[in-house]
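Notes for the one structure printed next.
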Amino acid sequence: MLEHAGRTEPAIQTYLAIPARAGDDAVTASTAVYRAGELLLADHQTTAAWTALWRVVTDYPDEPIASDALRAILTEGRRRDARALADEVGKLLTPLAETQIGDNLLWSLADLTEHELQNPEAARAIYDRIPVDYPASGLRDDARWHAARISRLLHDPKGAALRLRALLATREVALGAGSYFSIWLDDAQLELGKIVRDDLGDLPG
């Protein structure tokens, strides 16, 4: 009510007071801290906003809202100091490896490493870790696709083909209604054909 009434500071303080009263309700606690972080960002209280958003990631890494907090940090931080942000993400990879946010941390680090730090080789290595370390991750196929894309940019068509074939091997037909097909399957099939034809010179393949 305070937030929608435009009373930003009282709303922030109220949100931040919730975790101490939420008991075992991690969903409510994590969502409250996230909302405080978002309001702090909008109010240009950057340091306090980052403190709140990082708290969601580190204190509630198994809650779905943690990925939203990490995304907000990534969006804001890459414009400010991408290298420092990459260092902070890197520090959390080991302590949070067994949590639900683990694959998102790897993805964020790969994204920063490729685009802001301009190190495609290192980014590819990080993308490659996601299917291995988190085989059930929703980012698994995306990681293989981007690792293959980078491989081709690095003039490594065999590496690109290897990753695309691994992506295509995940194809699974649903027994009932709906589909399990990854959005990348048709793109991967077409891209593999181009690589085999144009880069590897294997026309029958």
For Asp141 and Leu185, run side chain to side chain contact (heavy atoms under 4.5 Å, CB included): C-alpha distance rounded to whole Å, both residues' side-chain angles, the deciding distance at 0.1 Å, then the answer.
CA-CA 9 Å; Asp141 293 345; Leu185 285 180; 5.9 Å; no
Validation row: Gln100, Glu63 side chains within 4.5 angstrom (heavy atoms)
no
Could you tell me whether the side chain of Arg80 reaches within less than 4.5 Å of the side chain of Thr46, counting heavy atoms only?
yes
Kindly indicate, with the supporting measurements, whether the criterion side chain to side chain contact (heavy atoms under 4.5 Å, CB included) is fulfilled by Gln45 and Ile12.
CA-CA 11 Å; Gln45 300 184 51; Ile12 291 169; 4.3 Å; yes
Ile101 and Asp62: CA distance, side-chain angles, deciding distance, side chain to side chain contact (heavy atoms under 4.5 Å, CB included) verdict:
CA-CA 6 Å; Ile101 198 67; Asp62 290 318; over 6 Å; no
For Pro120 versus Ile150, what's the shortest heavy-atom pair and its separation?
O-CG2, 3.5 Å
Roughly how far, to the nearest 0.5 Å, is the CG atom of Asp187 from the CG atom of Leu168?
10.0 Å
Report yes if the side chains of Leu167 and Arg163 come closer than 4.5 Å at any heavy-atom pair, otherwise no.
no
Closest contact, heavy atoms only, Ser108 versus Leu70:
OG-CD2, 3.5 Å
Is a donor on one side and an acceptor on the other found under 3.5 Å between the side chain of Thr31 and the backbone of Thr28?
no
Value for CG (Asp186) from CD (Glu191), rounded to nearest 0.5 Å, stands at 12.0 Å
Could you tell me if the ring centre of Tyr127 sits under 6.0 Å from that of Trp145?
no
Closest non-hydrogen atom pair between Ile195 and Pro157, with its separation
CG2-O, 3.7 Å
Any Leu85 side-chain heavy atom under 4.5 Å of Asp81 side chain
no
For residues 2-25, pull every pair meeting salt bridge (charged side-chain N to carboxylate O under 4.0 Å, His left out), keeping only residues two or more places apart or in separate chains.
Glu3-Arg35
Considering all heavy atoms of both residues, which atom of Ile130 and which atom of Ser137 are nearest to each other, and what is their separation?
CG2-OG, 4.2 Å
Taking a hydrophobic cluster as the set of Ile, Leu, Val, Met, Phe, Trp and Tyr residues connected by side-chain heavy atoms closer than 4.5 Å, whether directly or through intermediates, do Trp50 and Leu16 fall within one such cluster?
no
Give me each pair satisfying side chain to side chain donor-acceptor pair (under 3.5 Å) with a member in residues 195-205, each pair once, sequence neighbours excluded.
Arg152-Asp199
Would you please name every residue forming a ring pair (Phe, Tyr, Trp, His ring centres under 6.0 Å) with Tyr60, sequence neighbours left out?
none
Out of curiosity, does Val196 fall in the hydrophobic cluster containing Leu190 (side-chain heavy atoms, cut-off under 4.5 Å, transitive links)?
no
Under 4.0 Å between a side-chain nitrogen and a carboxylate oxygen: does that hold for Asp128 and Arg144?
no
Hydrophobic cluster membership, Leu200 vs Leu164, 4.5 Å side-chain cutoff
yes
Ignoring hydrogens and geometry, is there a side-chain-to-backbone donor-acceptor pair from Ser67 to Pro64 under 3.5 Å?
yes
Side-chain contact, heavy-atom cut-off 4.5 Å: Leu53 with Leu41?
yes
Check whether any side-chain heavy atom of Val89 sits under 4.5 Å from a side-chain heavy atom of Leu74, and report yes or no.
no
Hey, any chance Leu154 and Leu162 share a hydrophobic cluster, counting ILVMFWY side chains that come within less than 4.5 Å of each other, even indirectly?
no
Show your working on side chain to side chain contact (heavy atoms under 4.5 Å, CB included) between Glu114 and Gln118 and close with a plain yes or no.
CA-CA 5 Å; Glu114 179 184 1; Gln118 298 184 359; over 6 Å; no
Student check: side-chain heavy atoms of Tyr134 and Leu139 closer than 4.5 Å:
no
To the nearest 0.5 Å, what is the distance between OG on Ser151 and NE2 on His146?
12.5 Å
Before accepting this row, confirm whether a basic side-chain N of the pair Glu88/Lys91 lies closer than 4.0 Å to the acidic partner's carboxylate O.
yes
Once rounded to the nearest 0.5 Å, what's the spacing between atom CG of Asp111 and atom CG of Asn104?
11.5 Å
Is there side-chain contact between Pro19 and Val33, with at least one heavy-atom pair below 4.5 Å?
yes
Measure the NZ-CD distance between Lys194 and Gln189 for me, rounded to the nearest 0.5 Å.
12.5 Å
To the nearest 0.5 Å, what is the distance between CG (Leu39) and OH (Tyr34)?
10.0 Å
If Ile, Leu, Val, Met, Phe, Trp and Tyr residues are connected whenever their side-chain heavy atoms lie under 4.5 Å apart, and connections chain through other members, are Trp54 and Val56 in the same group?
yes
